[in-house]
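Both backbone and side-chain heavy atoms feed into the values below; hydrogens, waters and symmetry mates do not.
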Amino acid sequence: MTVSQTLAGQILAGAADHDTARIWFDSATRPVDTTLGALVADAERAAGALRGLGVEPGDVVAVQLPGTYEGAVAQAAVALAGAMLLPIVMIYGPRELDFILRQSKAVALVTTREWRGRDQAAVVAGLPGGGGLRAVVVA
């Protein structure tokens, strides 16, 4: 398999071929109007940050973010870092999150600071044993 046949290779090729393609994220709190090239450039920086936190190819990275720009960047970043994406829906609370993280052996979690009045950072901080995570990124 060549690099261009991987998901990361396809993300990079798509951005190179369609750099100026417009992307809109409709949000009551943070609408974003950008391009595919800008999104992938942000994802490349985020992938470098994940690698800097010790995420290695094949590691599981959980992402618990809504369908926002940050969520799209995080999902692409996981692929660009060579890791496996574990998307977790926002409605899951501490018990479900802890179970999923432990069962998946996720090494990192990307989440939001707050979601609909719930302090996500406090939820993660309260997980028994930190959920087995080596890194938590708050977007």
Side-chain angles (χ1 to χ4, degrees):
M1 178 183 313
T2 66
V3 171
S4 65
Q5 294 173 318
T6 66
L7 178 57
Q10 290 298 305
I11 289 169
L12 295 172
D17 293 345
H18 306 285
D19 183 53
T20 60
R22 304 295 311 165
I23 300 175
W24 292 272
F25 290 85
D26 188 18
S27 167
T29 57
R30 189 165 138 46
V32 175
D33 177 2
T34 190
T35 65
L36 180 59
L39 186 147
V40 172
D42 285 345
E44 287 181 289
R45 283 188 287 280
L50 288 172
R51 287 190 295 271
L53 291 170
V55 173
E56 298 178 357
D59 282 344
V60 175
V61 175
V63 175
Q64 189 178 31
L65 291 172
T68 59
Y69 179 76
E70 293 81 8
V73 168
Q75 290 183 27
V78 170
L80 292 172
M84 293 183 288
L85 172 67
L86 172 61
I88 301 175
V89 296
M90 293 303 302
I91 61 170
Y92 288 163
R95 233 179 34 217
E96 296 91 353
L97 183 59
D98 182 57
F99 177 80
I100 292 167
L101 293 174
R102 289 183 183 286
Q103 289 294 309
S104 68
K105 297 183 179 17
V107 301
L109 170 68
V110 182
T111 191
T112 185
R113 181 169 311 284
E114 183 270 335
W115 175 252
R116 295 186 178 171
R118 181 173 62 204
D119 183 344
Q120 282 297 104
V123 167
V124 175
L127 294 176
L133 298 168
R134 294 192 311 241
V136 176
V137 177
V138 178

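Arg22 is listed as a side-chain neighbour of Asp33, based on a closest heavy-atom distance under 4.5 Å. Contact annotation: the side chain of Gln120 never approaches that of Val138 to less than 4.5 Å [non-hydrogen atoms, C-beta and beyond]. For the pair Ile88/Val63, no side-chain contact is recorded, criterion being any heavy-atom separation below 4.5 Å from C-beta on. Taking the side chain as every heavy atom from C-beta outward, Leu97 and Leu101 approach each other to under 4.5 Å. Side-chain contact between Val124 and Leu109 is present, with at least one heavy-atom pair separated by less than 4.5 Å. Side-chain contact between Val61 and Leu86: absent, with no pair of heavy atoms (C-beta onward) separated by less than 4.5 Å. Within the 4.5 Å cutoff, no side-chain heavy atoms of Val107 are placed close to those of Lys105. At a threshold of 4.5 Å between non-hydrogen side-chain atoms, the residues Val110 and Leu65 count as touching.
Salt bridge status for Glu56 with Arg51: absent, with no side-chain N to carboxylate O gap under 4.0 Å.
The OG1 atom of Thr68 sits 12.0 Å away from the CG atom of Asp26 when rounded to the nearest 0.5 Å. Taking CG of Asp42 as the reference point, atom OG1 of Thr34 lies at 7.0 Å (rounded to 0.5 Å). A distance of 5.0 Å separates CG in Leu80 from CD1 in Ile11, rounded to the nearest 0.5 Å.
When atom types are taken as modelled, the side chain of Glu96 and the backbone of Gly93 share a donor-acceptor pair closer than 3.5 angstrom. Distance alone, capped at 3.5 Å, places no donor-acceptor pair between the Glu44 side chain and the Leu12 backbone. Checked by atom type and distance alone, the side chain of Thr111 pairs as donor or acceptor with a backbone atom of Gln64 at under 3.5 Å.
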For this session: Apply the test side chain to side chain contact (heavy atoms under 4.5 Å, CB included) to residues Leu39 and Phe25: give CA-CA distance (whole Å), side-chain angles for both, the deciding distance (0.1 Å), then the verdict.
Result: CA-CA 11 Å; Leu39 186 147; Phe25 290 85; 3.8 Å; yes
Exercise. Does the pair Val73 and Arg45 meet the rule for a side chain to side chain contact (heavy atoms under 4.5 Å, CB included), with working shown?
Worked result: CA-CA 10 Å; Val73 168; Arg45 283 188 287 280; over 6 Å; no
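Heavy-atom minimum distance, Ala79 versus Ala8: O-CB, 3.6 Å. Counting all heavy atoms, side chain and backbone alike, Tyr69 lies closest to Arg30 at CD2-NH2, 4.1 Å. Between Ala47 and Ala81, the closest heavy-atom pair is CB-N, 3.9 Å. For the residue pair Pro94 and Leu127, the shortest heavy atom distance occurs at O-CD2, 3.6 Å. Minimum interatomic distance between Leu36 and Gly14 (heavy atoms only, all atoms of both residues): CD2-O, 3.5 Å.
For the side-chain contact (heavy atoms from CB on, under 4.5 Å) test with Val78, the passing option among Leu85, Asp59, Val55, Val60 is Leu85; the others fail.
For Arg113, the CZ atom sits in a loose shell: 12 or fewer heavy atoms of surrounding residues, nucleotides or ligands are nearer than 6.0 Å.
Residues Val136 and Val123 are members of one and the same hydrophobic cluster, defined by side-chain heavy-atom contacts under 4.5 angstrom among Ile, Leu, Val, Met, Phe, Trp and Tyr. Residues Leu50 and Leu7 do not share a hydrophobic cluster, defined by chaining ILVMFWY side chains whose heavy atoms lie under 4.5 Å apart.
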